[in-house]
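Only heavy atoms go into these numbers, but all of them, side chains included; no hydrogens, no water, no symmetry mates. No experiment lies behind these values; they were computed from the predicted model shown.
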Number of protein chains: 2
Amino acid sequence: MATIYEVSKLAGVSLATVSRVINDSNAVRKTTKDKVERAMKQLNYTPNSAAKSLASNRSDCIGVLVSELKSSFFTRMMGAIDTECRQFEKHIVVTSSENDALHEKEGIEFLISRNCDALILHVESLSDEYLIELSRGKVPVVILNRQIPQISDHCISLNNELGGYLATKTMLQYGHRDIVYIAGPEHKKDAMQRLAGHRRALMEANIPVEEARIFSGDYLQSGGQNGFKHFHKSGLNFSAVVCGNDEMATGVMATAREYGLSLPEDLSIIGFDNVLFSQYTYPRLTTIENPITDMGKMAARMIMENVYKKSLGTIRKSFEPVLVPRESVCHFDAQV
Amino acid sequence: MATIYEVSKLAGVSLATVSRVINDSNAVRKTTKDKVERAMKQLNYTPNSAAKSLASNRSDCIGVLVSELKSSFFTRMMGAIDTECRQFEKHIVVTSSENDALHEKEGIEFLISRNCDALILHVESLSDEYLIELSRGKVPVVILNRQIPQISDHCISLNNELGGYLATKTMLQYGHRDIVYIAGPEHKKDAMQRLAGHRRALMEANIPVEEARIFSGDYLQSGGQNGFKHFHKSGLNFSAVVCGNDEMATGVMATAREYGLSLPEDLSIIGFDNVLFSQYTYPRLTTIENPITDMGKMAARMIMENVYKKSLGTIRKSFEPVLVPRESVCHFDAQV
DNA sequence: TTGTAAGCGTTATCAG
DNA sequence: CTGATAACGCTTACAA
């Protein structure tokens, strides 16, 4: 590998000048710049990123921590981040925490020890306090999919409450009155916000909010299965089930069929997130779009702007979900 | 950030000694080791990875290039690689090429310029020649999901032919004789191997291989849709369709329903890969397992062994697919 | 077992 | 606009 030194010798200039043309900092006379560039090409020179990093105290790398790597949800997010970063020659170092606070902390330390210039975090278990503390530290942090008031300028978040509202509102508009809700885990903020939106929609429609019509699931397919069984056993009457996410919605689908219901005629189901497979279910799942790719993109842009001083257009920090109408919800009238 | 120099001063030893305890190389007397470790803890010291990298010419980072980031297939692979790497304090730098040769080449150069110690590649468009050339170069390479005879010791691959054989064999065992096949793109090796397996199964059953019963799809849902329509229009009789992958299988499912068939009674369908959503379809998709996580893990291990000289157990380089029986295939007799 | 000192390939601060 | 030269924080012969 050729070094900057060899380039400078071949071009007949000093190290400093070569460095300048590499980073096109300062003004360099066009002719010398050409000379240097020719030399670089001739030697097939590529800068050594470690040396660069050591000298400049910048790694041009952005750490991304996601709570789990296996879900397609996170993949979309990462893809968006990577695409955005590569446009500016930055790269991402990815790691995942298996969804518990200890691993999340470890992941963060790991990324920091890697000299990442900034961090994009999608964490669920870590406390607000820890994140507030972290964001006061040296490495810039963007927190995805979470709203922490004290550091809201570091946060990119989705209006989950509105999403929950929309989901239930949709059911109401389709004429459903007997609705049950399968919520995500109680310790997850987004789950509780989605549930709050559900409550608001009911109240707005003057339908009493009965706790017996709310089941606390786990955001996994099993949550939907258990939720459906729970409500079935309870003897409650219901024509529609609103789910905290798509995974649980598929669980409901599968279990409802086991119990002999046909979908969507006997039961309307709505999910949340619009994950990839929601369009592969049958009937295709009506759901609420979670604009995670846009959010990822904005996270990357925030860093480009704040850390690397690139100026891009405006940066959006709060996102609103919209309905994705498909076939898993149908009019109550159409049901027997 | 504390440096190794401050640690050495506090501990009253030389730089070299501190370095030794960090890398627990050579023997260091227990008492001095303790002294140094205490100093490190006290100063909250973490090594600067750029400096380490520059001095040692090692980055402790492994570049991973996948052809696309958005599919859940690749996520599983990456998750497995990451998990394995972190056990040895290595990390992965991920990037994606949008599935064309130019981007794949760029991605590789990008990773190399990042001083990755090794590369794990899942590429489809790049030629064998390029990869052979690359693997003769300086940075060690592992090629996932592809078999190149000249450099087979760099390759971790799946027996796709066997998978294709198993898929069709399954249909035969369920009594189907009128089978059509929707293949992946002709320029993809794995697609052609799977198809070859299909052919072998038919021949073994003394069923003539008719080219009219093979459709060339695109590995996407649309491939399944087009394939089904094609066969439907052709007037061919068929009770079973074997698909080159799961995405196309879902396309067939959706389109068959549009045409009024009920599944699986009117049509048996089998996929390939066992991607996440294949268990969310209805009926749940019978498919062939692609052990991509195990393959990813082995790729990581190969590097741990060859590059970082960790010795792990035996490393498996070739994998065999197995059937994942679910409900999308049923006995021909059961069909009307 | 420990210390000394010469790099590793850049960037950045001064002068000029 | 360009050139010396000192960092940057660590590894690694080589000595002791």
- [ ] Calculate the interatomic distance between A/Glu6 atom CD and C/dC8 atom C1'; express it in whole Å.
- [x] 13 Å
Open item on the list: Less than 6.0 angstrom from the centroid, inside 45 degrees of the normal: does A/Arg86 satisfy that with respect to the ring of A/Phe88?
Closed with: no
Open item on the list: Can a donor-acceptor pair be found, under 3.5 Å and without considering hydrogens, that links the side chain of A/Lys317 to the backbone of A/Asp153?
Closed with: yes
- [ ] Check the pair B/Ser14 / B/Ser8 against side chain to side chain contact (heavy atoms under 4.5 Å, CB included), numbers first and verdict last.
- [x] CA-CA 5 Å; B/Ser14 73; B/Ser8 81; 5.9 Å; no
Open item on the list: In whole Å, I'd like the distance from the CG atom of B/Asn57 to the P atom of C/dT10.
Closed with: 12 Å
TODO: Output the single nucleotide from D/dC10, D/dC1, C/dT10 whose closest atom is nearest the side chain of A/Lys52.
DONE: C/dT10
Where do N or O atoms of nucleotides 14-16 of chain D meet protein N or O atoms at under 3.5 Å, pair by pair?
none

TODO: For A/Tyr5 and C/dT10, give me the distance from atom OH to atom P, rounded to whole Å.
DONE: 13 Å
TODO: Look at the side chain of A/Ser14 and decide which nucleotide, out of C/dT2, D/dG3, C/dA12, has an atom nearest to it.
DONE: D/dG3
Open item on the list: Please confirm whether the shortest side-chain N or O distance from A/Ser19 to OP1 or OP2 of C/dT11 is below 4.0 Å.
Closed with: yes
Open item on the list: Distance check needed: C/dT11 C1' versus A/Asp60 CG, whole Å only.
Closed with: 13 Å
TODO: Just compare D/dG9, C/dT10, C/dT2 and give me whichever is closest to any side-chain atom of B/Thr17.
DONE: C/dT2
Open item on the list: Distance check needed: D/dG9 C1' versus B/Lys9 NZ, whole Å only.
Closed with: 15 Å
Task: Nearest to side-chain heavy atoms of B/Leu15, which nucleotide of D/dT11, C/dT11, D/dT2 - done: D/dT11
Open item on the list: Categorize B/Val13 for me: base, sugar-phosphate, or nothing, with a 4.0 angstrom heavy-atom threshold over every strand shown.
Closed with: sugar-phosphate
TODO: Could you check A/Thr46 against B/Thr31 and say which one's nearest nucleotide on DNA chain C is further toward the 5' end?
DONE: B/Thr31
Task: Lys NZ or Arg CZ of A/Lys90 over A/Tyr308 ring: under 6.0 Å, within 45° - done: yes
TODO: Applying side chain to side chain contact (heavy atoms under 4.5 Å, CB included), run through B/Val93 and A/Ile92 and close with a yes or a no.
DONE: CA-CA 6 Å; B/Val93 171; A/Ile92 62 178; over 6 Å; no
TODO: Rounded off to whole Å, could you give me the CG-to-P distance for the A/Leu54 and C/dC8 pair?
DONE: 14 Å
Open item on the list: Taking ring-ring contact (aromatic ring centres under 6.0 Å, His included) as the cut-off, I'd like each qualifying pair that reaches into residues 102-138 of chain A, sequence neighbours left out, listed once.
Closed with: A/Phe74-A/His122, A/Phe110-B/His91
TODO: For C/dT2, take OP1 and OP2 only and decide whether either is under 4.0 Å from a side-chain N or O of B/Thr32.
DONE: yes
Task: Under-4.0 Å salt bridge between A/Arg38 and A/Asp34 - done: no
Task: Length of the CD1-P vector between A/Ile4 and D/dC8, whole Å - done: 18 Å
TODO: Determine yes or no for a side-chain-to-main-chain donor-acceptor pair under 3.5 angstrom, with B/Glu305 supplying the side chain and B/Leu312 the backbone.
DONE: yes
TODO: Report the nucleotide, chosen from D/dT12, C/dT11, C/dG9, that has the shortest atom-to-atom distance to any side-chain atom of A/Asn48.
DONE: C/dG9
TODO: Side chain of A/Ala51 only, please: which of C/dT10, D/dG3, D/dA13 is the nearest?
DONE: C/dT10
Task: Distance, rounded to the nearest Å, where B/Ile22 contributes CD1 and D/dT12 contributes C1' - done: 13 Å
